[in-house]
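Encoded as structure tokens, the structure appears first; notes follow it.
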2 protein chains.
Amino acid sequence: MGTTSRASVGRTLVYRHDCPSRTVIEVLASKWALYVLAALRERDRPMRFNELRRVLEGITQKMLTQTLRALERDGLITRTVYPTVPPRVEYGLTTLGSEAGRLTSAIAEWSMEHAQEILKARGEFDDSITEDPRPITRSGDPV
Amino acid sequence: MGTTSRASVGRTLVYRHDCPSRTVIEVLASKWALYVLAALRERDRPMRFNELRRVLEGITQKMLTQTLRALERDGLITRTVYPTVPPRVEYGLTTLGSEAGRLTSAIAEWSMEHAQEILKARGEFDDSITEDPRPITRSGDPV
DNA sequence: CAGCATCCAAATAGATACTG
DNA sequence: CAGTATCTATTTGGATGCTG
């Protein structure tokens with residue numbers, strides 16, 4: 001991979017509505033999937049359902065279940081059931097999931113590093129639209 | 001950054017529901033934002049509204065508007081209005097947006113490369129649950 | 001061309017109660 | 001513990017018509 005690796009996104013390929021990558025992206029591009037993959041990657045070991053639930057603050061049981069199911073369905077995580085009592089279920093990354101996790105973790109890290117900068121831009125944007133209800137042309141525009 | 005750069009995701013940081021990075025991630029982790037950033041990065045030049053609309057198959061005018069607004073708000077893209085007639089508006093990447101685009105493009109590329117593999121896993125998963133309506137414990141499970 | 005406004009359908013998320 | 005089921009609230013998305 002070099003400086004022109006983006007070439008593989010390829011003109012008019014990922015953008016096509018019938019490109020299979022879209023359905024993959026829709027799974028990855030969901031915040032909870034991103035966090036699940038990041039958490040499993042960070043811990044670097046399988047995690048149990050409620051452990052994930054505790055780590056991922058704010059996720060509901062329903063969303064966690066759905067997210068885990070979607071990731072398992074796509075072969076990104078494994079689900080291992082230990083028929084003990086009480087039952088024990090562990091979720092771990094597959095090779096594929098580990099790769100995907102590397103990408104989503106990169107986004108998580110980048111977001112943390114630039115959060116302040118972005119929130120600042122956001123605040124300024126919100127201020128500017130309240131004092132100027134977004135006309136088609138704003139002051140200071142070119143030609 | 002090295003092989004352990006994931007350490008910066010940092011135990012219990014991005015996962016906190018009050019972590020500012022979450023709001024950033026929610027913008028990036030939306031499929032249309034991902035495609036917009038990827039398209040602008042691929043073309044490597046500002047693009048007009050309808051040009052983006054044509055490239056991103058399936059997006060509606062409303063979704064494109066909302067996505068562009070969100071990205072502009074976060075300082076990831078610029079919006080330049082040329083008060084000509086008919087009006088002309090160009091969207092370009094900021095430095096921040098270009099960085100973010102590198103990460104989202106990586107996801108798009110990876111998804112394309114592994115789409116077949118993932119769709120195969122997906123098909124097998126779907127087959128297995130129809131013949132076995134997902135009991136708590138499935139055959140072949142460990143002790 | 002580049003949008004905004006509105007209405008409506010559908011998908012998503014949350015809360016709650018219950019089970020092997 | 002690790003879910004499923006159900007009901008509801010909110011969000012999201014699409015279609016359509018209009019404007020500077």
Side-chain angles (χ1 to χ4, degrees), chain A residues 17 22-23 25-27 29-36 46-73 77-92 129 132-139 141-143, chain B residues 17 22-23 25-27 29-36 46-73 77-92 129 132-139 141-143:
Chain A
H17 70 275
R22 283 215 173 176
T23 65
I25 289 172
E26 273 169 67
V27 172
S30 86
K31 68 172 177 180
W32 291 123
L34 187 148
Y35 289 123
V36 166
M47 291 173 73
R48 298 179 66 172
F49 187 87
N50 278 331
E51 185 181 7
L52 279 165
R53 192 177 179 2
R54 277 189 301 274
V55 170
L56 310 184
E57 290 187 12
I59 195 170
T60 60
Q61 173 273 320
K62 182 183 171 183
M63 284 302 102
L64 181 55
T65 299
Q66 285 183 12
T67 303
L68 290 171
R69 206 64 73 242
L71 292 174
E72 184 194 0
R73 185 167 104 107
I77 64 173
T78 57
R79 176 176 180 273
T80 310
V81 181
Y82 298 89
T84 56
V85 45
R88 174 177 171 181
V89 180
E90 287 190 343
Y91 294 92
I129 57 159
D132 175 357
R134 184 163 270 270
I136 304 295
T137 305
R138 286 174 292 179
S139 64
D141 282 332
V143 182
Chain B
H17 68 278
R22 282 215 175 178
T23 63
I25 289 173
E26 274 169 65
V27 172
S30 86
K31 70 171 175 178
W32 292 122
L34 187 148
Y35 290 122
V36 166
M47 290 173 75
R48 298 180 64 172
F49 187 88
N50 277 332
E51 185 181 6
L52 279 165
R53 193 178 180 0
R54 275 189 301 272
V55 170
L56 310 184
E57 289 186 13
I59 195 171
T60 60
Q61 174 272 319
K62 183 182 172 182
M63 284 303 104
L64 180 54
T65 299
Q66 284 182 11
T67 303
L68 290 171
R69 207 64 73 242
L71 292 173
E72 184 194 0
R73 185 167 106 107
I77 64 174
T78 57
R79 176 176 180 272
T80 309
V81 181
Y82 297 89
T84 56
V85 43
R88 175 176 169 182
V89 181
E90 288 190 344
Y91 294 91
I129 58 158
D132 175 358
R134 185 163 270 272
I136 304 293
T137 304
R138 285 175 292 178
S139 62
D141 283 331
V143 178

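Numbers restart at 1 for each chain; the letters A, B, ... are given by sequence-line order, proteins then strands. Below, each value reflects all heavy atoms present in this structure, side chains not excepted, and no hydrogens, waters or symmetry copies.
The overall bend of the helix from C:dC1-D:dG20 to C:dG20-D:dC1, read as the angle between its terminal helix axes built from five base pairs each, is 60° when rounded to 10 degrees.
Remark: A:Thr60 pairs with no residue by the side chain to side chain donor-acceptor pair (under 3.5 Å) rule, at least two apart or across chains. Not counting sequence neighbours, the partners of A:Thr23 by the side chain to side chain donor-acceptor pair (under 3.5 Å) test are B:Arg122. For A:Arg73, the salt bridge (Lys or Arg N to Asp or Glu O under 4.0 Å) criterion is met by B:Asp126, not counting sequence neighbours. Applying the side-chain contact (heavy atoms from CB on, under 4.5 Å) rule to B:Arg88 yields the partners B:Arg48, B:Tyr82, B:Thr84, B:Glu90; only residues at least two apart in sequence or on another chain are considered. Not counting sequence neighbours, the partners of A:Glu51 by the side chain to side chain donor-acceptor pair (under 3.5 Å) test are A:Arg45. B:Thr78 meets the side chain to side chain donor-acceptor pair (under 3.5 Å) test with no other residue; sequence neighbours excluded.
Rounded to a whole Å, the CD atom of A:Glu51 is 17 Å from the C1' atom of D:dG3. The distance between atom CD of A:Glu72 and atom P of D:dA2, rounded to the nearest whole Å, is 15 Å. Per the geometry, CG belonging to B:Leu64 stands 14 Å off C1' belonging to C:dC4, to the nearest Å. Rounded to whole angstrom, the span from the CD atom of B:Gln61 across to the P atom of D:dG14 amounts to 12 Å. B:Trp32 has its CH2 atom 9 Å from the P atom of D:dG13, to the nearest Å. D:dT4 atom P lies 13 Å from atom CZ of A:Arg53, rounded to whole Å. Rounding to whole angstrom units, CZ of residue B:Phe49 and P of D:dT19 are separated by 18 Å. Rounding to whole angstrom units, CE of residue B:Met47 and P of C:dG3 are separated by 14 Å.
At least one side-chain nitrogen or oxygen of A:Arg79 sits closer than 4.0 Å to the OP1 or OP2 atom of D:dG3. Residue B:Arg69 places at least one side-chain N or O under 4.0 Å from the OP1 or OP2 atom of C:dC4. Contact annotation: A:Tyr91 does not reach the phosphate of D:dC1 (side-chain N/O to OP1 or OP2, under 4.0 Å).
Atom-to-atom distance recorded for B:Arg54:CZ and B:Leu64:CG is 11.5 Å, nearest 0.5 angstrom. Interatomic distance, CD1 of A:Ile59 versus OH of A:Tyr35, reported as 10.5 Å (0.5 Å rounding).
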Please tabulate, one pair per line, each protein N/O and nucleotide N/O from nucleotides 8-12 of chain D that are separated by under 3.5 Å, including the distance.
none

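Counting heavy atoms from C-beta outward, B:Tyr91 and B:Val36 have side chains that stay 4.5 Å or more apart.
A:Arg48 comes within 4.0 angstrom of sugar-phosphate atoms only, judged by non-hydrogen atoms across all strands, and of no base.
Counting only heavy atoms from C-beta on, B:Asn50 has its side chain closest to C:dC1 among C:dG3, D:dG3, C:dC1. Distances were taken from every side-chain heavy atom of B:Thr60 (C-beta onward) to each of D:dG14, C:dC1, D:dG3; the shortest belongs to D:dG14.
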